[in-house]
There are 2 protein chains.
Amino acid sequence: MSKSRRQKEILSLVQSDQISSQLELSRRLRARGTNVTQATLSRDLRELNLVKTAQGYKLAELLNRSNGSHHHLRQVLSQLMTEVAAASNLVVVKTFPGNAPSVALSLDNLGWKDIVGTVAGDDTILVVTRDITQARAVKKRLMELRSP
Amino acid sequence: MSKSRRQKEILSLVQSDQISSQLELSRRLRARGTNVTQATLSRDLRELNLVKTAQGYKLAELLNRSNGSHHHLRQVLSQLMTEVAAASNLVVVKTFPGNAPSVALSLDNLGWKDIVGTVAGDDTILVVTRDITQARAVKKRLMELRSP
DNA sequence: CGCCGTCTCGCATATTTATACGCTGGAGTG
DNA sequence: CACTCCAGCGTATAAATATGCGAGACGGCG
């Protein structure tokens, strides 16, 4: 069985089931008639850009969609935000240097309907809402997020 | 030093430098005055949702952006696409069952300017282009991608 | 105060992953 | 054909990661 065929099987296995070790993957493949050692799988996984997560191996390209568990977003947010202020219909979020882009992405992913969009610099994010009231509401919720 | 302070340091370290093992992370933290064992880091990394990639530990939420190396996208595409056909201004891409969403995402990420957008079902993707000519061109390039 | 219950963490170790090395088979070349 | 290369892989093992267990810290609560 060719390398490419094997890698296809790996991708489809990994996407249908939760595989959490290379040994397990090796067993599953054997059950399907493909016989490889863990060493080869280690190499395959790197080539396919699969990463190990708490929920098994995942395609790195897909991690955002499949897995946007809010818990982690909040975890990240609470760790990286340093200040939150409202100004007119904007909320200004300060972060540790360099982390604004990550935090902004997390904010986007929260899916809050009163967040119209975000713009991130290096350590500052502008969160755009529709009006002053929404800006205050967002600020409030972000503050609560910081110290649960 | 509190757990939360330590986790903040981990996030910022991991985002500024390339850290590829927990031992290395432990050393870097020690240099900054934070002293922890590998075991604790293993737990921290899971809580922070950091995954190990060939380029070091990365925030799972960010993997798309930081790391969209086209090589891997193409690898994924070539593995999962089974058929490509053009129809009017659309390109119809067939994939292995269940893989259409992944492939569609990869197609989006290619950044081809003649791809207006994609819609994915379970094993079929509609790729929308502006006209017949673009559809043919996209089809051609996708076919080449499949067998290099 | 004394007695839980809960967190957090280190230690030791089990488990998992990566890799150095060497073999093999097929492609390309003269 | 004979020869060289090299991708691909297994074996053995090194390296890295996860975890069972218990200790200490801290906050209620009677």
Side-chain angles (χ1 to χ4, degrees), chain A residues 1-11 13-14 17-60 63 67 69 71-72 74-76 78-79 146-148, chain B residues 1-11 13-14 17-60 63 67 69 71-72 74-76 78-79 146-148:
Chain A
M1 70 282 325
S2 70
K3 170 177 176 185
S4 118
R5 167 128 197 69
R6 181 183 67 241
Q7 293 192 341
K8 280 176 191 162
E9 300 219 48
I10 292 173
L11 281 170
L13 253 179
V14 149
D17 299 12
Q18 174 168 327
I19 311 274
S20 14
S21 85
Q22 297 176 6
L23 190 60
E24 182 183 352
L25 181 53
S26 156
R27 274 190 249 108
R28 304 292 249 91
L29 284 171
R30 180 167 305 117
R32 284 188 176 205
T34 304
N35 203 302
V36 271
T37 60
Q38 170 270 323
T40 299
L41 292 179
S42 171
R43 297 174 186 121
D44 282 344
L45 294 183
R46 183 169 54 230
E47 283 179 24
L48 293 172
N49 207 26
L50 288 163
V51 297
K52 189 180 185 176
T53 72
Q55 294 76 41
Y57 283 97
K58 301 285 176 192
L59 216 37
L63 267 186
N67 179 20
S69 146
H71 175 257
H72 292 123
R74 285 163 193 262
Q75 175 85 10
V76 170
S78 66
Q79 297 290 4
R146 277 213 303 152
S147 42
Chain B
M1 73 277 330
S2 69
K3 169 179 178 184
S4 119
R5 167 129 196 68
R6 181 184 67 241
Q7 294 194 339
K8 280 177 191 162
E9 301 218 48
I10 292 174
L11 280 169
L13 253 177
V14 149
D17 298 12
Q18 175 168 326
I19 310 275
S20 19
S21 84
Q22 296 175 7
L23 190 59
E24 180 184 355
L25 181 53
S26 155
R27 277 191 246 106
R28 305 291 249 91
L29 285 171
R30 181 167 304 115
R32 285 188 174 205
T34 304
N35 204 300
V36 270
T37 61
Q38 172 269 323
T40 299
L41 291 179
S42 170
R43 296 173 186 124
D44 281 344
L45 294 184
R46 184 170 52 230
E47 283 180 24
L48 293 171
N49 208 25
L50 287 162
V51 297
K52 188 179 185 176
T53 73
Q55 293 75 41
Y57 283 97
K58 301 286 177 191
L59 216 37
L63 265 187
N67 180 22
S69 147
H71 175 259
H72 292 124
R74 287 165 191 261
Q75 174 85 11
V76 170
S78 67
Q79 299 289 5
R146 276 213 303 153
S147 43

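Sequence lines set the chain letters: A, B, ... in the order given, protein chains first and strands last, and positions in each chain run from 1. Here the structure is a predicted model, which means the values were calculated and not measured.
For the pair B:N35 CG and C:dT8 P, the computed distance is 19 Å after rounding to whole Å. Atom CG of B:L50 is separated from atom C1' of D:dT17 by 14 Å (rounded to the nearest Å). Taking atom CG on A:D44 and atom P on C:dA18, their separation rounds to 12 Å, with Å as the unit. Atom C1' of nucleotide C:dT17 and atom CG of A:L25 are separated by 13 Å, given to the nearest angstrom. For B:L45 and D:dA16, the CG to C1' distance is 12 Å, given to the nearest whole Å. As rounded to whole Å, 11 Å separates atom C1' of C:dA18 from atom OH of A:Y57. Rounded to whole Å, atom P of C:dT17 lies 8 Å from atom CG of A:L23. A straight line from CD of A:E47 to C1' of C:dT17 spans 16 Å, rounded to a whole angstrom.
Scanning both residues, A:Q18 and A:A54, for their nearest heavy atoms gives NE2-O, 4.2 Å. Contact detail for B:Q55 and B:K58: the closest heavy-atom pair is O-CE, 3.6 Å. Nearest heavy atoms, B:K52 versus B:S20: CE-O, 3.4 Å. Looking at every heavy atom in both residues, B:L13 comes nearest to B:L29 through CD1-CD2, 3.8 Å.
Of the candidate nucleotides D:dG10, D:dT17, C:dT19, C:dT19 has the atom nearest to the side chain of A:R46. Across D:dA16, C:dT17, D:dG10, the shortest atom-to-atom separation from the side chain of B:K52 is found for D:dA16. Ranking D:dT17, C:dA18, C:dA12 by closeness to the B:A39 side chain, first place goes to C:dA12.
Contact annotation: B:S42 side-chain N/O to D:dT17 OP1/OP2 distance is not under 4.0 Å. For B:T37 and C:dG10, the shortest distance from a side-chain N or O to OP1 or OP2 is below 4.0 Å. Not one side-chain nitrogen or oxygen of A:Q22 sits closer than 4.0 Å to the OP1 or OP2 atom of C:dT15.
A:T40 comes within 4.0 angstrom of sugar-phosphate atoms only, judged by non-hydrogen atoms across all strands, and of no base. Within 4.0 Å of B:S21, counting heavy atoms only, lie sugar-phosphate atoms of the nucleic acid but no base atom.
In this structure, B:L41 and A:L41 both approach DNA chain C, and ranking their closest nucleotides by distance from the 5' end singles out B:L41.
The base of C:dG10 lies close enough to the side chain of B:R43 for a donor and an acceptor atom to sit less than 3.5 Å apart. With hydrogens and angles ignored, no donor-acceptor pair closer than 3.5 Å exists between the side chain of B:Q38 and the base of D:dA16.
The only option from A:D44, A:V36, A:I19 that meets the side chain to side chain contact (heavy atoms under 4.5 Å, CB included) definition with A:L25 turns out to be A:I19.
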